[in-house]
Asks: 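I have a structure I would like to understand better, so I am pasting it below and will then ask my questions one at a time.
Just so it is clear, the values below take in all heavy atoms, side chains as well, and ignore hydrogens, waters and symmetry mates. Each chain gets a letter, A, B and so on, in the order the sequences are listed, and its residues count up from 1.
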Amino acid sequence: MRARALGADFYDRDTEHVARELLGAVLECTVDGVTVRGRIVETEAYVGEHDAACHASVGRTARTEGLFGPPGSAYVYLIYGMYWCANAVTRAEGLASAVLLRAVEPLHGVETMRRRRLARRDVDLTSGPGRLCDAFGITGPRFHGRSFTRGALRIVEGLAVPDAEVAVTPRVGINAKNAAVDWPLRWIVRDSPFVSARRDTRRWLSATR
DNA sequence: TCGCCGATCGGCT
DNA sequence: GCCGATCGGCGAA
């Protein structure tokens, strides 16, 4: 039987809470009749137009329109001309905020992920926003603007991750001159080998112990 | 294991 | 024109 997807009310809350509670939930994507699943182990919050790292900080444009959409919808964009990144839109329609899905632990369909990715090691299949979209078959044309609450791209309930296993860090890839560079808006399952940017993460965690 | 660099393109100035 | 919520390959250590 099909597991229950998180509903729109789950996403219609503060973005930080959604990002924290998405850890442990299960991302599920079906393309051409093939379903892959993974446990979410890393997320980042992009908290609105006042957040200089959030695309919506430039205002409401054709590109950022999706960020203003209903809670639970998918904001999928192309980065560096070649990688897709998938976000779950949070808060009420009209408020531009979202959670970037940065890494998952593969649970089902690993063979499919290997075929799509051509990665040497399994830890490189889904440890990064571009990698997980590649492994899951998530692209803008397929999924941008659709909903994570139903259909071929869903996030379903999983086992909650206790606070002791969670760490919070600044977001990855934010330029040093960005005012929001140090905001602690990245949530990770501390000991998961599938978290991205492992080197920088280890450095940051040991420096703040 | 670390650090550097090029790929590639749409959105915005 | 410029640059990015990235990634993989390369050479050096």
Asks: Between T126(A) and R117(A), do the side chains contain a donor N or O and an acceptor N or O under 3.5 Å apart?
Replies: no
Asks: Do S127(A) and R131(A) have a side chain donor and acceptor closer than 3.5 Å?
Replies: yes
Asks: Among side-chain atoms of S97(A) and T90(A), is any donor-acceptor pair under 3.5 angstrom?
Replies: yes
Asks: Could you spell out the base pairing of DNA chain B as a dot-bracket line? Use Watson-Crick and G-U wobble contacts where both distances are under 3.5 Å, [ ] for crossing pairs, | for partners on a different strand.
Replies: |||||||.||||.
Asks: Would you mind telling me which of dA5(C), dG10(B), dG11(B) lies closest to the side-chain atoms of H55(A)?
Replies: dA5(C)
Asks: Could you tell me how far dG10(B) sits from dG8(C) if I compare only their C1' atoms? Round to whole Å.
Replies: 22 Å
Asks: Given 3.5 Å as the limit, does a donor-acceptor pair link the side chain of E42(A) with the main chain of S196(A), or not?
Replies: yes
Asks: Check for a donor-acceptor pair, side chain of D12(A) on one end and backbone N or O of P71(A) on the other, with a separation under 3.5 Å.
Replies: no
Asks: Can you list the residues that meet the side chain to side chain donor-acceptor pair (under 3.5 Å) rule with R116(A), with sequence neighbours excluded?
Replies: none
Asks: Rounded to the nearest Å, what distance is computed from the NZ atom of residue K177(A) to the P atom of nucleotide dA5(C)?
Replies: 10 Å
Asks: State plainly whether the residues E44(A) and R102(A) are in salt-bridge range, i.e. N to O under 4.0 Å.
Replies: yes
Asks: Give me the distances for all protein-to-nucleotides 7-11 of chain C N/O pairs that come in under 3.5 Å?
Replies:
residue	atom	partner	partner atom	Å
dC7(C)	OP1	P129(A)	N	3.2
dC7(C)	OP1	G130(A)	N	2.8
dC7(C)	OP1	R131(A)	N	3.0
dC7(C)	O4'	Y83(A)	OH	3.2
dG8(C)	OP1	R117(A)	NH1	2.9
dG8(C)	OP1	R117(A)	NH2	2.6
dG8(C)	OP2	R131(A)	NE	2.6
dG8(C)	OP2	R131(A)	NH2	2.6

Asks: Check side chain to side chain donor-acceptor pair (under 3.5 Å) between E49(A) and all other residues, then give those that pass, not counting sequence neighbours.
Replies: none
Asks: Before accepting this row, confirm whether a basic side-chain N of the pair R190(A)/E165(A) lies closer than 4.0 Å to the acidic partner's carboxylate O.
Replies: no
Asks: May I ask you to evaluate whether N175(A) reaches the phosphate of dC3(C), defined as a side-chain N or O under 4.0 Å from OP1 or OP2?
Replies: no
Asks: According to the 5.5 Å centroid and 30° plane-angle thresholds, does Y80(A) stack upon the nucleobase of dG4(C)?
Replies: no
Asks: Check each residue of residues 85-99 of chain A for a non-hydrogen atom within less than 4.0 Å of any atom in DNA chain B, then write out the ones that pass by number, or none.
Replies: none
Asks: Quick check: does any side chain N or O of R142(A) sit under 3.5 Å from a backbone N or O of T139(A), one acting as donor and the other as acceptor?
Replies: no
Asks: Quick one: L67(A) CG to dA5(C) C1', roughly how many Å, whole number?
Replies: 11 Å
Asks: For R63(A), answer base if it contacts any base atom (sugar-phosphate contacts may also be present), sugar-phosphate if it contacts only those atoms, and nothing otherwise; contact means non-hydrogen atoms under 4.0 Å.
Replies: sugar-phosphate
Asks: Any salt bridge linking R171(A) with D51(A)? Criterion: basic side-chain nitrogen under 4.0 Å from a carboxylate oxygen.
Replies: yes
Asks: Between the side chain of H144(A) and the main-chain N/O of V76(A), is any donor-acceptor distance below 3.5 Å?
Replies: yes
Asks: For nucleotides 1-3 of chain B, print each protein N/O atom paired with a nucleotide N/O atom at under 3.5 Å, atom names and distance only.
Replies:
none

Asks: Do side-chain atoms of D124(A) reach the backbone of A119(A) as a donor and acceptor pair under 3.5 angstrom?
Replies: no
